[in-house]
Amino acid sequence: MCGFVCLWNAGDESLANRMIAKIAHRGPDAVEVARLPGTQTVMAHCRLSIIGPEDGRQPIHQTDDLLVANGEIYNHQDLRAILGESAFLTASDSETILHLFRSGEARWISRLDGMFAFVLATRDRIIAARDPLGIKPLYVARLGDGYAFASELKAFDGVDVENIEAIPPGTLYDSRDGWRQWYRTPQGAAEAEPDLDVGRTARELRLVLEEAVAKWMVADVEVGSFLSGGLDSSIIAAIGQKVRRDAGKGPLKTFSVGTAGSPDLLAARAVADHIGSDHREYVFTAEDVAEALPHVIYHLESADVDLVRSAIPTLFAARLARRDVKAVLTGEGADELFAGYTYHHAYVDQPRALADELTRTLGTMHNINLQRVDRATMAESLEARTPFLDRGLIDFAQSIPAALKLCRTDPAALESTGATTEKWILRKSCDDLLPADLVWRKKAQFDEGSGTVAALDGALRGLIGKKGAVTRAEEGLLYEKILRGQFENPDRIIENAGTWSADRVAV
């Protein structure tokens, strides 16, 4: 996991150094700047060593090509075998990007399996691309007659650039051939076909899940797991523990945060005891929230109320985890794939609209939840991995009818969370992994179950100087004020921020 800057036909090493310094928290292990000889291409890279720690330095310069990349390519060993091990000079997974490009295949990028963003330069060409859902960030802006690329918006702050925009998920830009949308999220299924075997579907989903978690745990360093005590992170942690046990390794390290006595801390503790993980906790207060808020907003690059609220416990969890590991598994993506949000319940009798809404939200995660997870963890130099967003799992989950994800249920039945049950098929597929009272527990949002809302209310009243409850509008104005006070060009940040409710499918 890393951060990078690329200047193409613009700027110089001095500017690249200034820009990379602003995102150096993404990679504290090494910072390097390089120019492709004989060109106006300069790249800078800050590295968090996860795979190939001994020889995975970047930028990668081989003959007339220069590459910077952020993320992980989980099928890099398979690609090495196909492309020929003799072509590789390092153990870095990122080097596979360079050799796939050199293979000359028309759709070479589609063979990359993982989370990634990269910029690759030849003597007369620049190529920039992003993974299918935009798990890893990448921005581009005009700089004079050329372009500037960076992993975070703050790298552009104070630089005379124009038209900053995020490169869309699943998209590639080629200065020679133009833009390509190399990946499209498969459209979700709606109604179950009459002969669908629900039991077999649930069992297959479990196998796909286990395969995804095992793949996303590949690393040359230890990988831990966030554990909020909710369904999604508990499933990931339980499977992750099984992966380590089957490999003959010690228990999975799990990390949970919350206010004293909060539901998440108690539930996470019960899950950790059940699966046998090596569990750690951090209890935070309203004073901790008030102190962390400017840091959260600066790194989050957003003043959106919902994102800030959910980023606070993510930051505390990242700080806790970084004491012991460099990478963690998270449960992000399950709500979007399996209808886990409260507002989804309004779609219970409209599976087609629900399937469309889930497909839409998968396409917008990059500048909402995925931005939160990336920025909050990378602020602490921690890599977050999202197995639910594995391409194979996305494909299979989208083939499962929405009517099995959110459905009407008997509140008295064991396999229900009430009159309507969200993520029903996911719960069914993993009901032997965890205690039944957790699998069928009513869901709480991370910021609610962790106690963040109550702690934040106290922090906000102190910051604003108000005795009564702080309104949502007042909260948003405070966040924007904090953000504006930390950037030379705050409008650029605000213009690129996502919002939770934009373009929802109507019911």
Side-chain angles (χ1 to χ4, degrees), residues 1-6 20 23 25-30 43-53 56-60 67-80 90-101 108-120 127-140 149-152 155 166-173 182-183 212 215-221 223 326-330 332-333 365-367 369-379 381-391 394:
M1 191 63 63
C2 313
F4 63 75
V5 167
C6 174
I20 199 69
I23 59 172
H25 51 273
R26 297 186 67 91
D29 293 339
M43 294 185 181
H45 188 268
C46 53
R47 185 175 184 227
L48 180 66
S49 305
I50 302 291
I51 294 178
R57 297 171 56 182
Q58 293 192 43
I60 297 174
L67 170 73
V68 280
N70 169 29
E72 307 291 350
I73 309 300
Y74 295 119
N75 64 335
H76 74 105
Q77 293 287 6
D78 292 340
L79 291 173
R80 283 172 177 268
T90 74
S92 169
D93 58 309
S94 296
E95 192 182 347
T96 57
I97 298 170
L98 185 61
H99 296 295
L100 272 177
F101 165 71
W108 60 273
I109 189 172
S110 67
R111 298 179 68 180
L112 295 172
D113 186 4
M115 55 180 189
F116 55 84
F118 67 83
V119 179
L120 191 161
I127 295 168
R130 203 169 172 194
D131 64 60
L133 291 191
I135 300 171
K136 293 292 98 191
L138 181 55
Y139 297 90
V140 61
F149 301 85
S151 297
E152 295 188 17
I167 289 183
T171 299
L172 178 149
Y173 171 72
W182 65 270
Y183 177 84
K215 182 198 303 182
W216 286 61
M217 290 185 75
V218 170
D220 292 329
V221 298
V223 178
K326 281 187 170 184
V328 291
L329 304 174
T330 82
E332 259 64 42
M365 287 189 73
H366 66 99
N367 67 344
N369 256 347
L370 291 177
Q371 178 169 324
R372 167 184 60 82
V373 173
D374 174 81
R375 303 301 194 281
T377 55
M378 291 309 298
S381 305
L382 179 75
E383 174 179 289
R385 298 183 170 192
T386 55
F388 274 112
L389 298 179
D390 178 79
R391 278 173 69 181
I394 290 171

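Numbers here are sequence positions counted from 1.
Val119 and Cys6 make their closest contact through CG1-SG, 3.6 Å (heavy atoms, listed as atom of the first residue, atom of the second, distance). The two residues Asp29 and Ser49 have their closest heavy-atom pair at OD2-N, 2.8 Å. Pairing each heavy atom of Lys136 with each of Ala117, the nearest pair is CB-N, 3.9 Å. Heavy atoms only, all atoms of each residue included: Leu172 and Trp182 are closest at N-CD1, 3.8 Å. When every heavy atom of Cys2 is checked against every heavy atom of Cys46, the shortest pair comes out as CB-O, 3.0 Å. The two atoms that bring Leu48 and Pro28 nearest to each other are CD1-CD, 4.0 Å, heavy atoms only.
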Query raised in the report: What do the steps show when you test Trp108 against Ile97 for side chain to side chain contact (heavy atoms under 4.5 Å, CB included), and what is the final call?
Result: CA-CA 9 Å; Trp108 60 273; Ile97 298 170; 4.2 Å; yes
Query raised in the report: Does the pair Phe118 and Leu98 meet the rule for a side chain to side chain contact (heavy atoms under 4.5 Å, CB included), with working shown?
Result: CA-CA 10 Å; Phe118 67 83; Leu98 185 61; over 6 Å; no
Report task. Kindly determine whether Ile167 and Phe149 satisfy side chain to side chain contact (heavy atoms under 4.5 Å, CB included), including the steps that lead there. Result -> CA-CA 10 Å; Ile167 289 183; Phe149 301 85; 4.2 Å; yes
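Residues Pro169 and Met365 form no side-chain contact, since every pair of their non-hydrogen atoms from C-beta on lies 4.5 Å or further apart. In this structure, Val221 and Glu383 have side chains that are not in contact, with every pair of non-hydrogen atoms separated by 4.5 Å or more. At least one side-chain heavy atom of Ile394 sits less than 4.5 Å from a side-chain heavy atom of Tyr183. Contact annotation: the side chain of Ile23 approaches that of His25 to within less than 4.5 Å [non-hydrogen atoms, C-beta and beyond]. Looking only at side-chain heavy atoms (C-beta outward), Leu370 and Leu389 come within less than 4.5 Å of each other. The shortest side-chain heavy-atom distance between Leu329 and Pro387 falls under the 4.5 Å cut-off. Side-chain contact check for Val140 versus Tyr173: every heavy-atom pair is 4.5 Å or farther apart. At least one side-chain heavy atom of Leu79 sits less than 4.5 Å from a side-chain heavy atom of Leu112.
The side chain to side chain donor-acceptor pair (under 3.5 Å) check on Thr330 picks up Glu332, with sequence neighbours excluded. For Gln58, the side chain to side chain donor-acceptor pair (under 3.5 Å) partners two or more places apart in sequence, or in a different chain, are His45, Ser94. Scanning for side chain to side chain donor-acceptor pair (under 3.5 Å) contacts around Arg130 gives an empty result, with sequence neighbours left out. Partners of Arg391 under the side chain to side chain donor-acceptor pair (under 3.5 Å) rule, at least two apart in sequence or in another chain, do not exist in this structure. With sequence neighbours left out, Tyr74 forms a ring pair (Phe, Tyr, Trp, His ring centres under 6.0 Å) with Trp216. Lys215 meets the salt bridge (Lys or Arg N to Asp or Glu O under 4.0 Å) test with Asp113, Asp390; sequence neighbours excluded.
The CG atom of Leu138 sits 12.0 Å away from the NE2 atom of His366 when rounded to the nearest 0.5 Å. Here the CD1-OG1 distance, from Ile73 to Thr96, works out to 5.0 Å after rounding to the nearest 0.5 Å. To the nearest 0.5 Å, the span separating OG1 on Thr90 from CD on Glu95 amounts to 4.0 Å. Interatomic distance, Thr377 OG1 to Leu382 CG, rounded to the nearest 0.5 Å: 5.5 Å. Once rounded to the nearest 0.5 Å, the distance linking CE of Met115 with CG of Leu133 reads 12.5 Å.
A distance-only check finds a donor-acceptor pair linking the side chain of Asn75 to the backbone of Arg111 [under 3.5 Å]. The closest donor-acceptor contact from the side chain of Arg385 to the backbone of Val218 lies under 3.5 Å.
Look at Asp374 and Arg26 and you find a salt bridge, because one of the NZ, NE, NH1 or NH2 atoms lies within 4.0 Å of a carboxylate O, short of that distance.
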